[in-house]
Amino acid sequence: IVLIPLEMTIVLCAVLLGFIAVSQLVGRKLFAVLKRHDQGMMRETIWGLIVLWLIGWIPYLGMMIKMCSIILGLGGVLLTRFGTNQNI
């Protein structure tokens, strides 16, 4: 019972890390569609976060897309064990 707050903190960090990774992928795809390659990782991530934030304003659909991106990101983080398994 004492370790429950630690577990919740680790899960929250994994969710945030995964969501940021998905937003970076969204930003990369956005720049690929705009044919502006070789943008910085921070620029891709910020624009991906902006796109996901704007999509979040769509009723029902936005919430489902954000939840899917959170679940995909969490799965990616857990699959790589927080980035320690690079051989995937």
Side-chain angles (χ1 to χ4, degrees):
I1 292 186
V2 176
L3 295 177
I4 290 175
L6 178 64
E7 178 187 1
M8 296 305 289
T9 303
I10 290 172
V11 169
L12 179 66
C13 289
V15 166
L16 287 174
L17 185 66
F19 187 72
I20 289 171
V22 169
S23 67
Q24 195 261 337
L25 289 174
V26 169
R28 184 180 297 166
K29 293 294 182 183
L30 174 71
F31 283 124
V33 167
L34 296 175
K35 299 198 183 346
R36 298 187 71 194
H37 301 286
D38 295 332
Q39 298 293 320
M41 186 181 291
M42 286 297 290
R43 183 172 284 171
E44 290 173 350
T45 304
I46 290 171
W47 278 102
L49 285 169
I50 290 170
V51 167
L52 288 175
W53 177 69
L54 290 173
I55 288 174
W57 281 91
I58 301 171
Y60 302 112
L61 182 65
M63 181 184 67
M64 290 191 308
I65 291 174
K66 281 180 106 172
M67 288 306 294
C68 285
S69 66
I70 288 172
I71 291 170
L72 286 173
L74 179 62
V77 167
L78 293 178
L79 191 64
T80 62
R81 290 183 223 125
F82 284 95
T84 58
N85 187 7
Q86 300 292 334
N87 296 332
I88 291 181

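The basis for the numbers below is simple: all heavy atoms, side chains too, and nothing from hydrogens, waters or symmetry mates. Here, residue 1 is the first one in the sequence, and each next residue gets the next number.
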Colleague: Can you tell me how far apart CG (Asp38) and CD (Glu44) are? Round to the nearest 0.5 Å.
Modeller: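 One finds 9.0 Å between CG of Asp38 and CD of Glu44.
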
Colleague: Distance from Lys66 atom NZ to Leu52 atom CG, nearest 0.5 Å?
Modeller: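 CG of Leu52 is found 7.5 Å from NZ of Lys66.
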
Colleague: Should Leu61 and Val22 be counted in the same cluster of Ile, Leu, Val, Met, Phe, Trp and Tyr side chains packed under 4.5 Å apart?
Modeller: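 Same cluster: Leu61 reaches Val22 through Ile, Leu, Val, Met, Phe, Trp or Tyr contacts under 4.5 Å.
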
Colleague: Between Gln39 and Trp47, does the side chain to side chain contact (heavy atoms under 4.5 Å, CB included) criterion hold? Intermediate values first, please.
Modeller: CA-CA 11 Å; Gln39 298 293 320; Trp47 278 102; over 6 Å; no

Colleague: State plainly whether one hydrophobic cluster holds both Val33 and Leu30, where clusters connect Ile, Leu, Val, Met, Phe, Trp and Tyr through side-chain heavy atoms under 4.5 angstrom apart.
Modeller: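 Unlinked, Val33 and Leu30 end up in two clusters.
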
Colleague: Can you tell me how far the CD1 atom of Ile71 sits from the CE atom of Met67, to the nearest 0.5 Å?
Modeller: 5.0 Å

Colleague: Between Ile50 and Leu34, is there a shared hydrophobic cluster once you connect ILVMFWY residues whose side-chain heavy atoms come closer than 4.5 Å?
Modeller: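 Yes, Ile50 connects to Leu34 through the hydrophobic network.
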
Colleague: Between Ile4 and Met8, does a side chain to side chain contact (heavy atoms under 4.5 Å, CB included) hold up when you go through it step by step?
Modeller: CA-CA 6 Å; Ile4 290 175; Met8 296 305 289; 4.3 Å; yes

Colleague: Working to the nearest 0.5 angstrom, can you tell me the gap between Lys29 NZ and Gln24 CD?
Modeller: 11.0 Å

Colleague: Are Ile65 and Ile20 connected in a single hydrophobic cluster, I mean Ile/Leu/Val/Met/Phe/Trp/Tyr linked by side-chain heavy atoms less than 4.5 Å apart?
Modeller: no

Colleague: Closest heavy-atom contact between Ala14 and Leu74?
Modeller: CB-CD1, 3.6 Å

Colleague: Minimum heavy-atom separation for Thr9 and Pro5, please, with both atom names.
Modeller: OG1-O, 2.8 Å

Colleague: Hydrophobic clustering (ILVMFWY, side-chain heavy atoms < 4.5 Å, transitive) - are Val15 and Leu49 grouped together?
Modeller: yes

